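Below is one structure, written out as structure tokens; the observations come after it.
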2 protein chains.
Amino acid sequence: MRQTDREIVRDLKLFKDVDADVFDDLMTASYAQRMPPHVELIREGESADFLHIVLDGCVELFSSGHGRETSMAIVTPVSTFILAATVNDAPFLMSARTIESSKLLLIPSQNVRDAFARDPHFARAIVTELAQCYRSVVKSMKNLKLRTSIERVGNYIIRLHDKAGGAEIIELPYGKKNLASILGMTPENLSRAFGALQSHGILMDGARIEITDRAALEAISKPNRLIDDPRS
Amino acid sequence: MRQTDREIVRDLKLFKDVDADVFDDLMTASYAQRMPPHVELIREGESADFLHIVLDGCVELFSSGHGRETSMAIVTPVSTFILAATVNDAPFLMSARTIESSKLLLIPSQNVRDAFARDPHFARAIVTELAQCYRSVVKSMKNLKLRTSIERVGNYIIRLHDKAGGAEIIELPYGKKNLASILGMTPENLSRAFGALQSHGILMDGARIEITDRAALEAISKPNRLIDDPRS
DNA sequence: CGGTGAATTGACACTTTTCAATGCGGGTGG
DNA sequence: CCACCCGCATTGAAAAGTGTCAATTCACCG
């Protein structure tokens with residue numbers, strides 16, 4: 001694996017405080033790998049042989065059953081996924097596939113568990129990361145159960161707007177089909193929601209969105225710190 | 001706190017392997033408390049001063065916003081809740097209230113974090129518990145996004161049936177209003193779903209359900225290990 | 001004994017999904 | 001280089017599912 005990748009991983013909250021030799025062992029055992037778009041990385045029900053880290057690109061976590069399929073989350077750099085299955089040595093609850101060409105780091109699960117036992121700092125970091133994953137799913141669930149579809153779309157745009165530092169023009173980071181599934185609706189409904197929001201402070205043009213009236217957008221979306229704030 | 005309670009807590013997976021003196025410190029700092037039904041224990045947004053453990057009774061985790069409200073989970077003995085907020089020292093994402101009269105054990109969050117740092121066994125147990133919480137929410141979310149309301153109700157009954165060891169007559173453990181909210185629907189719709197399932201292997205009588213044809217119930221519910229199995 | 005709240009049922013309205021048709025790119029292969 | 005095709009996005013119309021409102025019954029509790 002490349003030295004720059006190694007430094008990127010080292011800077012992750014999960015690895016920042018890990019002992020040098022423990023970190024070395026983890027990295028020595030790991031594989032960095034570039035994947036084309038739309039490659040299935042893992043399938044739900046299989047066992048967790050590697051902890052995955054997205055170094056570059058974009059990975060979709062999804063789940064399916066009886067002809068239906070839904071996106072559960074989108075993982076962007078630099079984050080881990082399937083940590084829970086790894087530490088508990090349990091089968092995946094979700095499948096994963098690349099959305100775009102992506103660089104991944106695979107760390108053997110056994111090494112992760114060993115490092116956990118050897119290094120209290122790593123243990124502490126894993127707990128923090130796991131707790132964040134948990135809270136993130138809880139927020140998604142509140143988003144789904146407590147909000148109408150238009151509110152979900154509106155708040156998604158607000159988050160994008162914030163992440164872009166309040167830029168007037170923002171761009172959807174991936175296709176609307178994925179986005180619709182994440183937000184718990186059909187692509188057709190997402191289209192209509194975007195349409196409806198155009199009288200409430202936004203202007204759509206394909207994947208580009210112009211924020212014309214942030215106050216109006218917030219008025220209809222009713223953002224909530226305990227759902228939308230990625231910190232907290 | 002009573003000696004029997006102490007032994008019950010000691011037998012929890014979370015505390016089974018904890019060092020004796022660490023466990024002593026935790027218990028000395030803790031409070032056991034009996035609460036009447038329908039008491040609000042914590043409110044979302046507040047900070048996590050105590051890790052909560054349900055020793056007896058039944059606690060509802062719920063969330064609200066802009067006039068809407070939804071149940072997120074029901075915690076039954078003997079389990080912890082708000083562990084993630086406790087270990088990360090973050091604000092609650094959910095509120096909690098007793099459903100019935102309940103006995104709770106409250107452990108100061110600072111003591112939990114101290115014990116985590118002192119005892120690797122406790123650290124390991126916390127990770128396992130957190131990962132289980134995470135996986136449990138993911139399953140709930142799959143249940144919501146991947147299934148129709150009738151399938152959700154059907155699978156809920158199947159789980160009850162299994163928990164009761166396959167008894168022909170089973171009983172709903174709490175009110176239908178709560179159940180409806182957990183399953184992501186209105187009480188009216190839950191009534192109709194129960195009605196619809198009566199031609200598929202069940203017979204309702206108030207809170208009592210007779211399982212007349214388990215195969216038919218499974219045929220319409222399509223149970224899935226990766227959603228319904230509490231282990232895994 | 002009256003009051004309160006849960007559960008059930010029916011009618012209705014609304015949201016969401018489904019199906020179908022169209023237009024718009026981005027690729028591939030001729 | 002262009003024609004073609006495939007998948008995505010959009011739009012409309014119909015169908016299904018779900019939520020809302022209202023009325024009734026029932027059990028429980030003060």
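Computed from a prediction, not measured in an experiment: that's the story for all the values here. Just so you know, these numbers use all the heavy atoms, side chains as well, and skip hydrogens, waters and symmetry mates. Throughout, protein chains are lettered first and strands after them, A, B, ... in sequence-line order, and every chain is numbered starting at 1.
Salt-bridge formation is detected for the pair B:K142/A:E44: a Lys NZ or Arg NE/NH1/NH2 atom is positioned less than 4.0 Å from an Asp or Glu carboxylate oxygen. B:R159 has no carboxylate O lying under 4.0 Å from a charged side-chain N of B:D162, or vice versa, which leaves the two without a salt bridge.
B:I158 places a side-chain heavy atom less than 4.5 Å from the side chain of B:E218. Counting only heavy atoms from C-beta outward, the side chains of B:F81 and B:M94 never approach each other to under 4.5 Å.
When only modelled atom types and interatomic distance are considered, B:S221 and B:E151 share no side-chain donor-acceptor pair under 3.5 Å. In this model, a donor atom of one side chain and an acceptor atom of the other lie less than 3.5 Å apart for B:H161 and B:R214. Between the side chains of A:S102 and A:R34, no donor-acceptor pair of N or O atoms lies under 3.5 Å.
Judged by distance alone, the side chain of B:S64 and the main-chain N or O of B:E69 form no donor-acceptor pair under 3.5 Å.
Contacts with DNA chain C (heavy atom under 4.0 Å) in residues 175-195 of chain B: B:G175, B:K176, B:K177, B:E188, B:S191, B:R192, listed by number. Using a 4.0 Å cutoff on non-hydrogen atoms, no part of residues 96-103 of chain A comes near DNA chain C.
Atom pair B:L172:CG and C:dA6:P shows a separation of 16 Å (rounding to whole Å applied). For the pair B:H38 NE2 and C:dG5 P, the computed distance is 11 Å after rounding to whole Å. Distance B:Y174 OH to C:dG5 P: 23 Å, rounded to the nearest Å.
For DNA chain D, the contact window with chain A, defined by any atom under 4.0 Å from a protein heavy atom, covers D:dC8 to D:dA13 in 5' to 3' order.
Within 4.0 Å (heavy atoms only), A:T148 reaches no atom of the nucleic acid at all.
A cation-pi contact, defined as under 6.0 Å to the ring centre and within 45° of the axis, is absent between A:R43 and A:F92.
Other residues, nucleotides and ligands place more than 12 heavy atoms under 6.0 Å from the CD atom of B:E40.
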